[in-house]
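Scroll down for the structure; my scribbles are underneath it.
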Amino acid sequence: MFCKRAGLLLVLSLISSCGRPSKRPFDRAAIPPLENLTSVEQLDWVGRAAPYVITSAVMGTAGSLPLPVESARDAGAHRATQVLHGRYTLEGSTLRIHASVRDVPANRTVRDVEAAGPVEDVVPLLEKVSAALTTQPVRSHGNRKAVEAFGRSLLTRDPAEKLAYAGQAVEADPRFGFAVLTAAQIHVSQGKPQAAREVLERGLPQQPEGWMRARFREVLGSLEANAPAVFEAIRQELRFSPNNTDRMRQLADALLSRRQYAEAASWYQKAAALEPDQTQLWNLLSYTHAYARNFEAASASLASYRKSASADPNAYDTSGEILLMAGRFAEAEKYFLEAQRRDPQFLGGLEFSKAAFARFLSGDAAAADLIFGRYLESRRAAQDPLADLRHAHWLYLTGRREQAMERMTEAAGRQGDAASRANAFLGLWLVE
């Protein structure tokens, strides 16, 4: 299957019209010659390799992100907007491929593609299918042996066969980037990172400047634990695959973990602009702006978050937390209470506690106690065994440490888990 994301893109999974692919083991010694074909089942490798051939051919198509997947479920997980399904038949020595492009949101077929020719020309036939999906020139592999060996490496579960077939594919056509990556991944899975590096380094000069070359550099950077090289490689990938929001988020997540907030925010922003319905992107973008102390930008992204997830209490909880960071306590309280109103079960009533703390920071301790009392009511109604500990902790946070110590000491004298936790709190407070 070949899927298209937001544009986005497509995935191709060819299946034999005669049924499910055969699961019989393959000969480790050699690939059966095509002239000995007697049934369509011997072309099982076509269906497995086709998504990768087509993805390689159309990668870089404007407004699209092609992804190879194995099933409609996988395409759904990638939020595909279009899916290319395919089937093939063998009529004597003629291979016939039929593919259909389905628009996922509309749930209808929008294009059919047919290609037929000698079975030896399976790669040109797949390229003909690819050409129907883009107005740009498709990249040609032109090497059936590489594609066949690669397909067989995907079919077999035997590690030795898998590596042998992947190696044959690389030998037959080192330009076939997916084959090189697969061989490298097998080496890594077998605990041979040096062998993986050697495969990638040999294949790198064979790749034209583009998405696949950048992908090679990313994997090499990962093998060498070279974070800056990995980041630069992903940036290059995104030059040639500018709709890949998953990669944008991966890069942004990594930059965020390294506290490179400004650049992380720029990638979250780009991803959110492409997929505004992915509310977690707005959530992450809002926090990243806040960590950078850019509260004006955080407010804008929070507004977009609440608009795209108006029923989600977390959108209001995040708004409250970021406004609290900005020192806008009255607004923070309002959003915490709104989150609680929208879902009284959200976080077990914790929004009352957050709202109480915001009110306390605004200077109204008496009103803060009243709001926190609503939190305690909800916890006791839920028979929370830690409710007394939560009250003692509230007293400690709001400066009433003598009262807090008395209540926590009382709780520590009881039995069970609550007593253990109370002792832990007391120990921490004494250290402080």
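Sequence positions, counted from 1, serve as the residue numbers for this chain.
Heavy atoms of other residues, nucleotides or ligands lying less than 6.0 angstrom from CZ of R421 number 12 at most. The number of heavy-atom neighbours closer than 6.0 Å to CD of Q194, taken from other residues, nucleotides and ligands shown, is above 12. The neighbour count for E171 CD, taken as heavy atoms of other residues, nucleotides or ligands under 6.0 Å away, does not exceed 12. Dense packing is recorded around CD of E209, with more than 12 heavy atoms of other residues, nucleotides or ligands lying under 6.0 Å away. In the displayed structure, R213 atom CZ is contacted under 6.0 Å by more than 12 heavy atoms of other residues, nucleotides or ligands.
Counting heavy atoms from C-beta outward, N143 and V123 have side chains that stay 4.5 Å or more apart. Contact of the M405 side chain with the L430 side chain is registered, since non-hydrogen atoms from C-beta on lie closer than 4.5 Å. No side-chain heavy atom of W267 sits under 4.5 Å from any side-chain heavy atom of T288.
Atom CZ of R102 and atom CG of D112 lie 13.0 Å apart (nearest 0.5 Å). Note that CZ of R374 is 14.0 Å distant from CG of D369, once rounded to the nearest 0.5 Å. Separation of atoms CZ (F231) and CD (E218) is listed at 10.5 Å; rounding is to 0.5 Å. Rounded to the nearest 0.5 angstrom, Y261 OH and H289 NE2 are separated by 13.5 Å. Remark: L302 CG to I322 CD1 distance equals 4.5 Å, nearest 0.5 Å. One finds the CZ atom of R401 at 4.0 Å from the OH atom of Y396 (value rounded to the nearest 0.5 Å).
Using a cut-off of 4.0 Å between Lys/Arg side-chain N and Asp/Glu carboxylate O, K334 and E338 are scored as not salt-bridged. The pair R249-D253 meets the salt-bridge criterion, since a charged nitrogen lies less than 4.0 angstrom from a carboxylate oxygen.
The aromatic rings of F357 and W394 lie perpendicular to each other, with more than 60° between the two planes, well past the 30° mark. The aromatic rings of F150 and Y52 lie perpendicular to each other, with more than 60° between the two planes, well past the 30° mark.
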task: Would you sort out whether Y335 and R306 count as a side chain to side chain contact (heavy atoms under 4.5 Å, CB included), showing the intermediate values?
output: CA-CA 11 Å; Y335 279 110; R306 294 191 298 271; 3.3 Å; yes
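No donor-acceptor distance shorter than 3.5 angstrom exists from the side chain of S310 to the backbone of K307, with no hydrogens or angles considered. For the pair T398 (side chain) and L395 (backbone), a donor-acceptor distance under 3.5 Å is present. Proximity of a side-chain donor or acceptor of Y375 to a complementary backbone N or O of A356 within less than 3.5 Å is not detected. In terms of modelled atom types and a separation under 3.5 Å, the side chain of S241 and the main chain of E237 share no donor-acceptor contact.
Taking each heavy atom of R390 and D384 in turn, the nearest pair found is NE-OD2, 2.6 Å.
Within the 6.0 Å centre-distance limit, the rings of H393 and F425 are counted as a close aromatic pair.
Checking Q340, K354, R342 one by one against D317, the side-chain hydrogen bond (donor to acceptor under 3.5 Å, both in side chains) holds for a single residue, K354.
Legend: residues meeting salt bridge (Lys or Arg N to Asp or Glu O under 4.0 Å) with R414, ordered by chain and number and at least two apart, are D388, E410. Scanning for side chain to side chain contact (heavy atoms under 4.5 Å, CB included) contacts around S304 gives W282, with sequence neighbours left out.
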